[in-house]
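What follows is a single structure, and I will ask about it in a moment.
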Number of protein chains: 4
Amino acid sequence: MRIKEGNKEEDIIKAATRVFADAGFHNARMSRIADVAEVSNGSLYVYYKNKEEILMKILEGFWKELYDRTLELTNRDDITNAEKFDFMMDMLFDTFAENPDSAIIIANEQKHFQHRRQENLTSYFDKFIDLGERIVAEGVEKDMFNKNIDASLLRIFLLGGISELILEWAMNKSKISLNDIRSTVKFTVKHGILKNGK
Amino acid sequence: MRIKEGNKEEDIIKAATRVFADAGFHNARMSRIADVAEVSNGSLYVYYKNKEEILMKILEGFWKELYDRTLELTNRDDITNAEKFDFMMDMLFDTFAENPDSAIIIANEQKHFQHRRQENLTSYFDKFIDLGERIVAEGVEKDMFNKNIDASLLRIFLLGGISELILEWAMNKSKISLNDIRSTVKFTVKHGILKNGK
Amino acid sequence: MRIKEGNKEEDIIKAATRVFADAGFHNARMSRIADVAEVSNGSLYVYYKNKEEILMKILEGFWKELYDRTLELTNRDDITNAEKFDFMMDMLFDTFAENPDSAIIIANEQKHFQHRRQENLTSYFDKFIDLGERIVAEGVEKDMFNKNIDASLLRIFLLGGISELILEWAMNKSKISLNDIRSTVKFTVKHGILKNGK
Amino acid sequence: MRIKEGNKEEDIIKAATRVFADAGFHNARMSRIADVAEVSNGSLYVYYKNKEEILMKILEGFWKELYDRTLELTNRDDITNAEKFDFMMDMLFDTFAENPDSAIIIANEQKHFQHRRQENLTSYFDKFIDLGERIVAEGVEKDMFNKNIDASLLRIFLLGGISELILEWAMNKSKISLNDIRSTVKFTVKHGILKNGK
DNA sequence: TATGAATGAGGATTCATTCAT
DNA sequence: GATGAATGAATCCTCATTCAT
């Protein structure tokens, strides 16, 4: 068995993450990924079926990390749903912040592949979404959140808004402070833009 | 030779809108657009420089329509900024609702041209954005909106969230009511999710 | 419309016939065919779906020519079935002789693609085969041919033997005389190798 | 490490025979052969130089078996050449019948190595051919076979015809009786199709 | 303007073969 | 000998774009 120095499987994912973030999925070249990963073209296909599978692994990897970080939170009963919500948003921002390339990929490419995500019912993205929806729904039930909030619509809205902000931040790090973004989002979502909630 | 009765230039845009919405920009075939437009392949290039230009025209067309609808509003001084904001959101939703294919394209592909758009002041997208930011900024100045709202971040957030919702709606019309979406968004953004805005 | 000088569709078939005969289907390169046909790579795919379709057209073209040449013969009633048989063999040899490259291709490649020839029920190869079987079967009925001859087996045997001979001839023209081949085959099939048919 | 109990060298040949027969030489995958042989990819190359050499060994193995079975016959002087010819045909059919996968490979792929075989006198195929040609040539000399029979052409014809029939039989065992094939071939070759050999 | 046949650069993928262990 | 991860050359095909008419 030849040496498997440095875990090629992981190297490829890392390389692909950088390349996809830079060029976008469609303009990214497999040969470029192989170069960056310091691996032969053929090795890409030892570990992954094709280009799309590499993208999927990147996306799933991100959502799995986020899901794992968030999971234990939801079962706690010593904190309010508002606190849980806050915490979840923090996790989301933190994980994006730590993985700016993944953030870019998610903002740019995830939608295109959402459609065929029918077999993916075990997907960590879906699991994370569920977690979020449950926290909001419970908050509504417990009369902590406004009744006319639809948890399912809210999560689409939030995710869309945040990933757009994160994209802007990731493409443009110098100009935008992630903390400004985070506090703007959290404040707005919790209190609204109208002064005195009015 | 086909007599130019049906305005090819427009036919192409209409066809491309349908094709891009269906297949996504990268998977859309120029020949398919030509087919749908009932025009030859070559004619596409009589009216447009290339595939990307067609996409740009579609996007600009959408934003121009929206901008035109919204412009006069901003100069009025008989309504509050909160009312202006409300109105602007309504326009946005209405225009999306009337152009679901464009909505899909915007949600999926707007980024493509965001990148090369660098403060292009002739762009109707930028003009529309300016309008929105000004309404919010003024609202803050007039002490009607919360001070810690950053207008520029808010618009990215809002646009991202709304386009994600609209995409969901456009891909899935039967299941989601556009009015539910609209009222959820408006309420959340104005009042926040916390009961009593607290 | 750009000039279509020299009928590219046909040029491609001619070039492919030469290239397939030289290198074999699997080792033949599409780019080589394009070169020989003095056509761009892309043009190959304007006229044919893929490499395999080009091969099929070559094979069908050959059998169509042979079938057309042989068809009228079968309906004549002024000649015996032995004469018809003779004539058919001559046509087969002549057509092979006039198309040595096709002969090589048929000998080398036809078998590989016979299997998926299920939809091809209108195939000229099958039609030609039918013609031959009918002549033999009738000969048997009319008591002109030996009763224990199975027409269906005979045609497989004959075609296999002849195409092998033709291949040898086509690969090796200087050494073997086509007329020797033809008379050997005809004599053997009609009279057998045993002297006095005994 | 697998203990070398099952003779890998032979296992590989057996596996390759099945795989080549199923898929054809060009579509057969080395990794599939390794799978079927229950051997690693690398082991294939411990025993054989490359894919083609495996094919050659299969073909040679077949012809060697046939040659060995036929050799002693030719030196006998207590039987006529017609009987020898008959016997040789029987051996050919029997050996094909016992090795249907080899039969398929021979019918489909023998040409691959025919080309590079240039009077390779160590080849069992050539030795077998020589045997056959000698029997026929002697038969002609002894005035037992018709004078105008060219032994060399006859063997090409026979082998081509028979391998085609055998292929049909091997691919389609249920429908065709090998004995029918054999007697049709033997009768035709010896007596011809014309009644009374006339 | 309008056409659509022609182009050809470009890239994902395959798979026989190698070689360090 | 045995392994199987690693290799990378090699090629079919796609499709946006062009251009002679």
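Order of the sequence lines sets the chain letters (A, B, ...), proteins ahead of strands, with each chain counted from 1.
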Check every strand shown and say whether A28(B) touches a base, only sugar-phosphate, or nothing at a heavy-atom separation below 4.0 Å. sugar-phosphate

Give the nucleotide from the list dC13(F), dG1(F), dT7(E) with an atom nearest to the side chain of K51(C). dC13(F)

Find which nucleotide of DNA chain F each of G42(B) and V46(A) is nearest to by heavy atoms, and output the residue with the more 5' nucleotide. V46(A)

Between F62(B) and F96(B), does the ring centre distance come in under 6.0 Å? yes

Measure the distance from CD1 on I33(B) to P on dC15(F) and round it to the nearest whole Å. 13 Å

Interatomic distance where OH belongs to Y45(A) and C1' belongs to dT17(E) [whole Å]: 20 Å

M30(A) CE to dG10(E) C1', straight-line distance once rounded to whole Å: 15 Å

For the pair K14(D) (side chain) and V36(D) (backbone), establish whether a donor and an acceptor sit closer than 3.5 Å, ignoring hydrogens and angles. no

Measure CD1/I54(C) against P/dC13(F) and give the value in whole Å, please. 9 Å

What nucleotide, of dT17(F), dT7(E), dA2(F), holds the atom closest to the side chain of S43(D)? dA2(F)

Hey, which sits more toward the 5' end of DNA chain F by its nearest nucleotide, N41(A) or N41(C)? N41(A)

Rounded distance (Å) that lies between atom C1' of dA2(F) and atom CG of D11(D): 14 Å

Looking at the side chain of N50(D), which of dT17(E), dT11(F), dC13(F) is the nearest nucleotide? dT17(E)

Looking at Y48(C), I'd like to know whether one of its side-chain N or O atoms comes within less than 4.0 Å of OP1 or OP2 on dC13(F). no

Is the shortest side-chain heavy-atom distance between I13(D) and E9(D) below 4.5 Å? no

Between W63(C) and Y124(C), is the ring centroid distance below 6.0 Å? no

How long is the line joining CG of L44(D) and P of dT17(E), in whole Å? 10 Å

What integer distance in Å separates F25(D):CZ from dA16(E):P? 9 Å

Of the listed dC12(F), dT7(F), dC15(F), the closest approach to the K8(A) side chain comes from dT7(F)

Could you give the CG-to-P distance, from L55(C) to dC12(F), as a whole number of Å? 13 Å

Taking only the side-chain nitrogens and oxygens of R29(D), find out if one of them lies under 4.0 Å from OP1 or OP2 of dA16(E). yes

Would you call the rings of H26(C) and H112(C) parallel, tilted or perpendicular if under 30° counts as parallel and over 60° as perpendicular? perpendicular

Considering every strand shown, what is the Watson-Crick or G-U wobble mate of dG4(E) when both distances are under 3.5 Å? dC19(F)

